[in-house]
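Notes to accompany the following structure.
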2 protein chains.
Amino acid sequence: MENIVKTQAIAKSDVITMLKERDITPTQQRVEIAQILFAKPQHLSADQVLAIVNAEGAVASKATIYNTLGLFAKKGLVREVIVDPTKVFYDSNINNHHHFFDMDNGELIDIANDHIELGKLPALPDGTVAEGVDVIIRIRKSD
Amino acid sequence: MENIVKTQAIAKSDVITMLKERDITPTQQRVEIAQILFAKPQHLSADQVLAIVNAEGAVASKATIYNTLGLFAKKGLVREVIVDPTKVFYDSNINNHHHFFDMDNGELIDIANDHIELGKLPALPDGTVAEGVDVIIRIRKSD
DNA sequence: ATTGGTGCAAAGGATTTGCAGTCTA
DNA sequence: TAGACTGCAAATCCTTTGCACCAAT
């Protein structure tokens with residue numbers, strides 16, 4: 001009946017704690033969004049988050065979804081993954097890991113951290129610090 | 001007077017040859033755009049290409065810029081680099097190399113291929129082939 | 001003539017913004 | 001209550017599309 005499922009795998013009190021740890025005021029919609037994101041490791045676009053939230057009777061507007069995801073990203077709760085020029089993915093897995101990007105269906109797939117190995121890293125330009133390293137392997141169906 | 005400079009480092013006949021090699025009909029505007037791109041290794045957005053072209057009296061429309069860059073990318077003449085959700089960069093350097101992305105000014109910087117090292121690559125999902133591997137190191141000014 | 005390429009303006013889609021109303025602390 | 005947060009709709013920005021015109025074979 002519904003292919004949009006919200007796995008309620010995380011207790012409200014847990015996400016409230018997570019939010020507070022990052023100095024994020026735990027409002028109703030932020031908690032709601034966080035519960036969706038952290039139900040499991042996944043990659044969701046703003047649109048998908050909106051759809052899932054609304055699947056249970058709109059509790060957050062589009063603007064709030066964007067505000068919230070942007071805030072979470074800035075506070076380090078989620079990681080933005082830029083691979084598709086048409087949308088940003090929010091990855092609920094903060095741990096070091098990289099991605100396959102399936103160009104056929106626009107899906108992201110995790111690469112377990114120990115399945116890839118970055119040898120030496122280059123020296124950074126003077127006066128800069130690294131914010132993060134993304135490895136993206138673009139894949140496509142073999143004929 | 002003009003900070004948009006078109007370095008005419010490549011002869012028209014050379015780019016025509018490059019285009020033909022990839023089965024691209026060398027029209028006036030494609031040649032023009034190719035000369036800009038291949039004047040030197042660089043990363044340009046569609047907007048920037050348009051601006052440079054127009055700096056010498058519009059010879060190509062916005063639609064043609066997008067069509068042409070998309071075509072070049074598909075034919076493997078340039079490489080699309082997706083790091084900034086607000087625009088796509090076209091890299092005139094096809095060789096294996098990776099990038100720093102300066103989050104402060106939105107600029108791409110090449111990483112010479114021998115300054116980074118990808119150890120083992122993970123096994124690809126069944127039935128897929130790799131189209132390319134992008135390594136992006138996001139950097140930011142240190143305080 | 002026919003096919004492919006170009007230009008213009010309008011359409012599209014994701015994200016942002018302005019501002020009034022609402023909630024949290 | 002004060003300041004923060006939310007919602008709605010309009011606005012923006014990049015990119016794509018539709019369609020008429022032009023060019024090359």
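Convention: sequence-line order gives letters A, B, ...; per-chain numbering from 1. Bear in mind the structure is a predicted one, so any value in this text is a computation, not a measurement.
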Can you tell me how far [atom2] of [N] sits from [atom1] of [X], to the nearest Å?
{"X": "B:D84", "N": "D:dC14", "atom1": "CG", "atom2": "P", "value": "10 Å"}
{"X": "A:L50", "N": "D:dC8", "atom1": "CG", "atom2": "C1'", "value": "13 Å"}
{"X": "A:Q29", "N": "C:dT22", "atom1": "CD", "atom2": "P", "value": "14 Å"}
{"X": "B:I65", "N": "D:dT16", "atom1": "CD1", "atom2": "C1'", "value": "15 Å"}
{"X": "A:L69", "N": "D:dT6", "atom1": "CG", "atom2": "P", "value": "12 Å"}
{"X": "A:E32", "N": "D:dT6", "atom1": "CD", "atom2": "C1'", "value": "14 Å"}
{"X": "B:K20", "N": "C:dG4", "atom1": "NZ", "atom2": "P", "value": "18 Å"}
{"X": "B:K87", "N": "C:dT15", "atom1": "NZ", "atom2": "P", "value": "15 Å"}

Identify which nucleotide among [options] has an atom closest to any side-chain atom of [X], counting heavy atoms from C-beta outward.
{"X": "A:R30", "options": "D:dC14, D:dT6, C:dG7", "answer": "D:dT6"}
{"X": "B:A63", "options": "C:dA9, C:dT15, D:dT6", "answer": "C:dA9"}
{"X": "B:D47", "options": "D:dC14, C:dT15, D:dT6", "answer": "D:dC14"}

Would you tell me if any nitrogen or oxygen in the side chain of [X] comes within less than 4.0 Å of OP1 or OP2 on [N]?
{"X": "B:S61", "N": "C:dG7", "result": "yes"}
{"X": "B:Q28", "N": "C:dG5", "result": "no"}
{"X": "A:T25", "N": "C:dT24", "result": "no"}
{"X": "A:T27", "N": "D:dA4", "result": "no"}
{"X": "A:Y66", "N": "C:dT16", "result": "no"}
{"X": "A:S45", "N": "C:dA14", "result": "no"}

- [ ] Mind checking the CD1-CZ spacing from B:I82 to A:F101? Nearest 0.5 Å is all I need.
- [x]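 Nearest 0.5 Å value for the CD1-CZ distance: 8.0 Å.
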
Task: Interatomic spacing from NZ in B:K75 to CE in B:M18 - rounded to 0.5 Å - done: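 The CE atom of B:M18 is 14.5 Å from NZ of B:K75, to the nearest 0.5 Å.
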
- [ ] Compute whether any side-chain donor of one residue and acceptor of the other, for A:S45 and A:D47, lie under 3.5 angstrom apart.
- [x]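 Note: A:S45 and A:D47 side chains miss the donor-acceptor criterion.
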
Open item on the list: Looking at A:E131, I'd like to know if its CD atom is crowded, meaning that more than 12 non-hydrogen atoms belonging to other residues, nucleotides or ligands lie closer than 6.0 Å.
Closed with: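 Count over threshold, so yes.
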
Open item on the list: Donor-acceptor pair, distance only, cut-off 3.5 Å: does the side chain of B:S142 make one with the backbone of A:G127?
Closed with: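 Pair found, side chain donor or acceptor close to backbone of A:G127.
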
